[in-house]
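Step one of this worksheet: look at the structure below.
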There are 2 protein chains.
Amino acid sequence: MFKPAKRNRVFQDIVEQIQEHILSGELKEGDFLPSERDLQELFQVSRGTIREALRVLEQKGLVEIKLGVGGGAMIRTASVDKVTESLALLIRHQKISLDHLSEFREGFEGDIAALAAERAKRKDLEGLEKILETARTYAEAGQERASEFLETDKDFHLALARITRNPIYEAVERIVQENIFSYYETLLYMGDRRLKENYEDLRKIVAAIKEKNIEKARALARNHVARFTKYMRKKERQE
Amino acid sequence: MFKPAKRNRVFQDIVEQIQEHILSGELKEGDFLPSERDLQELFQVSRGTIREALRVLEQKGLVEIKLGVGGGAMIRTASVDKVTESLALLIRHQKISLDHLSEFREGFEGDIAALAAERAKRKDLEGLEKILETARTYAEAGQERASEFLETDKDFHLALARITRNPIYEAVERIVQENIFSYYETLLYMGDRRLKENYEDLRKIVAAIKEKNIEKARALARNHVARFTKYMRKKERQE
DNA sequence: AAATTGTAATGGTCTAACCATTTTCATTTG
DNA sequence: CAAATGAAAATGGTTAGACCATTACAATTT
């Protein structure tokens, strides 16, 4: 019903005032707040307090600090970076397991592929083809290029996420990729056969997207991720 | 290729050091950092710098500041609060639209229902039945209880997420719920017929889970969310 | 025993100064 | 004249020391 009253903190009040002015649109992207010394005068507080408020606004991703003459707190484009960061913290903090992350990934990579199949334009397909070509090169080069292949796989999934035109998928994809990557080391020892298998996965996904076969794209993407996961688990057990 | 050269701000370094100690598990939930004056000694910096670092850690949701004797920066439970907050900021900045959020929700509610169907135990089913019963009461009470019905719907989806036994789904569910529900006001004017329709959705989902029909559960959950979204859009256009 | 009060630890804020970086613009130099 | 140079000013980054506000806990009083 009620929230804790708290907040006798002056800098919080300043954060809220400035935040309101930003969110209401009075302050637009690229605008500058007054200098710290001017803010000090305006709010009638010490510079230290102003600076604490600026740290909070900065961490929220609402402003970016520029140095030197004409510098100061510049109003920023809201970006997904900070959401990404705090979600990543949440994941690391809760010690979420590889299985959890992989399982989650299976589901939403399927969704991404399905949406991509629905929405891919000619230009998107060209981009995918290009990535596919790179992947083929590395897959054929065999195990010594496994690391590059994995990077390309990452690019591939990010490209798919972008095709959905839904920034949430892109953000979540980035988070998962960044947090799952530490586990990928085990995949570096993927044999030549498995590399080609994985390349074939990607190729089939693109084919399904091309023919706008939504459910086929979803199923293929799910299987692709599941195969990665299964292989990682197998490796884990061996160690 | 290269990242922007980092600017050397002392407080950033302090943030990173402390953050590492928290994420590595050396500092557990409930532990306290040394007092500001002690940190000042430890890091050999001024208290102002320490405080700026603490503001950042606080905003990241990693610590919570307690007042008075024995107070200080307490390592916090990982919580979705800060993620929710930054996501809410994104939405207000309209980088992410309601449509994006709804679309994302459609996908992963489907995944959740599918996993729930796979894993629900007897006890889980009992919990769902109970929520279902509550929902039925509100649905039959008609529009004046629409608000309570929506709350119950929320509980229902959270319960499903918990059944997956994957904390990622639960966390994401909470984040999305908290950010999407501000839009649900429009749903308060859902007519009696629609309330019952929605109750039927929930009932069918539980039925599908009971008979372990994974794909049916997925499809039903997706449709359920899609119906919510469609109705919201319709209301939006009317205003 | 219960209530009150005092005390010390700790976060919150203030003041005043100096340092570091960056832009601007006048000055020097080729 | 054009380019290089350098001084000045604006602005964020940091420091130091002080005082206030809140709180836990012990000592004192009832």
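Proteins come first, then strands; the chains are lettered A, B, ... in the order of their sequence lines, and each starts at number 1.
- One side chain, A:Thr49 or A:Ser46, offers a donor N or O that lies under 3.5 Å from an acceptor on the other.
- Rounding to whole angstrom units, NZ of residue A:Lys66 and P of D:dG13 are separated by 12 Å.
- Of all the heavy atoms in A:Arg119 and A:Arg165, the pair that sits closest is O-NH1, 3.9 Å.
- OP1 or OP2 of C:dG11 has not a single side-chain nitrogen or oxygen of A:Arg9 nearer than 4.0 Å.
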Base, backbone or nothing for each nucleotide of nucleotides 16-21 of chain C, written B, S, -, heavy atoms under 4.0 angstrom, 5' to 3'?
-BB--B

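- For the pair A:Gln40 CD and D:dA10 P, the computed distance is 16 Å after rounding to whole Å.
- Each of C:dG11, C:dT13, D:dT15 was ranked by its minimum atom distance to the side chain of B:Glu36; first place goes to C:dG11.
- Put simply, CG on A:Leu33 is 13 Å from P on D:dT11, counting in whole angstrom units.
- OP1 or OP2 of C:dC14 has at least one side-chain nitrogen or oxygen of A:Thr49 nearer than 4.0 Å.
- Look at CD on B:Glu58: it is 18 Å from P on C:dT10, rounded to the nearest Å.
- No side-chain donor from either of A:Lys60 and B:Gln59 sits under 3.5 Å from a side-chain acceptor of the other.
- Rounded to whole angstrom, the span from the CZ atom of B:Phe43 across to the P atom of D:dT14 amounts to 14 Å.
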With side-chain hydrogen bond (donor to acceptor under 3.5 Å, both in side chains) as the criterion, how do A:His157 and A:Glu173 come out once you've worked through the C-alpha distance, each side chain's angles and the decisive distance to 0.1 Å?
CA-CA 8 Å; A:His157 287 290; A:Glu173 180 74 52; 5.0 Å; no

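- At a cut-off of 3.5 Å, with distance as the only test, no side-chain donor of B:Glu170 or B:Asn166 sits close to an acceptor on the other residue.
- Aromatic pair B:Phe104/B:His100: centroids not less than 6.0 angstrom apart.
- Regarding A:Leu57, its CG atom lies at a distance of 14 Å from the P atom of D:dG12, rounded to whole Å.
- One interatomic measurement links the two molecules: CZ of B:Arg55 to C1' of C:dG12, which rounds to 9 Å at whole-angstrom precision.
- Of the charged side-chain nitrogens involved, at least one lies within less than 4.0 Å of a carboxylate oxygen, so that B:Glu58 and A:Arg9 count as a salt-bridged pair.
- As a whole-Å value, the separation of A:Phe32 CZ from C:dT23 C1' is 12 Å.
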